[in-house]
Amino acid sequence: MLSSLGVMADVSVGVGLAASESDVTGLPSGAMDWSCWGVQVGSMALVVAIAGGLWLGVYNRRMRAEIARRIQSEAERESLITELTQALEEVRELNGLLPICSSCLKIRNDTGYWEKLESYIESHTKARFSHGICNDCMKKRYPYLFDEEETDGEIDDFYNKESGTFPSDKT
């Protein structure tokens with residue numbers, strides 16, 4: 001390596017770039033002088049840029065995590081709002097006193113008119129009615145269908161509780 005420096009020194013002196021070989025053998029005196037303000041400002045700017053980049057990277061990661069958390073929270077809130085809205089639509093309850101006729105079982109509505117029990121409940125709730133006849137009422141209204149010796153168990157066999165109807169083959 002020294003031989004190549006010597007060759008470079010000889011060439012530099014021969015061309016007129018250096019006054020003597022001693023000027024060429026070491027580094028030039030002003031090349032890495034840290035007292036130069038340009039080098040100091042540039043170095044400080046580089047340090048600040050690197051620190052700023054690192055800080056922005058950390059801040060960006062934190063903001064992405066916060067955005068993901070808020071998106072999840074918003075989705076949970078929307079789901080809860082949907083559930084509560086559905087529950088509110090399903091819960092339509094009757095409360096208070098209902099004036100009802102003890103004879104025909106009609107109910108007096110808010111406008112003062114009498115309407116059938118089924119109509120009133122269907123208009124104020126989501127309940128729907130299916131009509132049938134209980135065993136006691138069937139005995140009272142249609143006594144000719146039953147023998148006097150028949151018991152309640154035989155009546156239950158004759159009457160279909162689920163649909164509230166008589167089987168078509170026995171009527």
Side-chain angles (χ1 to χ4, degrees), residues 1 4 26-142 151-171:
M1 181 149 173
S4 63
L27 294 173
S29 60
M32 291 299 288
D33 186 10
W34 286 98
S35 63
C36 177
W37 69 271
V39 172
Q40 289 178 349
V41 170
S43 298
M44 290 302 279
L46 182 62
V47 168
V48 168
I50 290 172
L54 291 174
W55 181 81
L56 283 175
V58 170
Y59 183 75
N60 188 15
R61 181 174 288 158
R62 286 183 184 168
M63 287 298 107
R64 286 179 190 255
E66 178 67 17
I67 289 170
R69 187 189 63 77
R70 287 186 182 189
I71 288 172
Q72 180 181 4
S73 175
E74 182 70 22
E76 290 171 358
R77 187 173 32 251
E78 288 295 325
S79 173
L80 181 63
I81 288 172
T82 302
E83 287 177 25
L84 290 175
T85 302
Q86 288 175 349
L88 183 62
E89 289 174 359
E90 291 175 6
V91 177
R92 293 178 64 192
E93 68 179 48
L94 294 172
N95 54 25
L97 294 175
L98 290 175
I100 187 168
C101 175
S102 59
S103 177
C104 67
L105 300 178
K106 287 185 180 179
I107 295 178
R108 190 173 61 226
N109 61 20
D110 297 338
T111 59
Y113 292 103
W114 293 92
E115 61 181 297
K116 292 170 66 175
L117 173 73
E118 298 89 349
S119 300
Y120 184 84
I121 291 178
E122 284 182 356
S123 67
H124 288 81
T125 65
K126 288 191 174 183
R128 296 295 172 251
F129 285 89
S130 166
H131 290 86
I133 187 166
C134 69
N135 291 339
D136 294 334
C137 292
M138 189 167 57
K139 269 183 163 181
K140 288 178 189 173
R141 292 191 179 253
Y142 309 106
T151 62
D152 285 338
E154 292 170 346
I155 293 172
D156 288 340
D157 292 339
F158 184 67
Y159 178 70
N160 186 340
K161 291 179 185 176
E162 293 177 7
S163 66
T165 59
F166 294 104
S168 59
D169 58 317
K170 291 187 179 181
T171 55

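In terms of the side-chain hydrogen bond (donor to acceptor under 3.5 Å, both in side chains) criterion, residue partners of E66 (sequence neighbours excluded) are, by chain and number, R69, R70. Residues satisfying the side-chain contact (heavy atoms from CB on, under 4.5 Å) criterion with I67, sequence neighbours excluded, are I71. Shown here are the side-chain hydrogen bond (donor to acceptor under 3.5 Å, both in side chains) partners of T111, two or more places apart in sequence or in another chain: N109. Residues that satisfy the ring-ring contact (aromatic ring centres under 6.0 Å, His included) test with Y113, not counting sequence neighbours, are absent from this structure. With sequence neighbours left out, the side-chain hydrogen bond (donor to acceptor under 3.5 Å, both in side chains) criterion links R64 to N60. The side-chain hydrogen bond (donor to acceptor under 3.5 Å, both in side chains) check on R77 picks up E74, with sequence neighbours excluded.
Taking SG of C134 as the start and NZ of K140 as the end, the distance is 7.5 Å to the nearest 0.5 Å. Here the straight-line distance linking atom NZ of K116 with atom CD1 of I121 works out to 12.5 Å at 0.5 Å rounding. To the nearest 0.5 Å, the span separating NZ on K139 from CD1 on I133 amounts to 13.0 Å.
In this structure a side-chain-to-backbone donor-acceptor pair under 3.5 Å is missing from S79 to A75.
Applying the ring pair (Phe, Tyr, Trp, His ring centres under 6.0 Å) test to pairs two or more places apart or on separate chains, those with a residue in residues 48-89 are W55-Y59.
The local environment of CE in M44 is sparse, with at most 12 non-hydrogen atoms from other residues, nucleotides or ligands closer than 6.0 Å.
Nearest heavy atoms, L105 versus L117: O-CB, 3.4 Å. What you find for R128 and E122 is that their closest heavy atoms are NH1-O, 3.2 Å.
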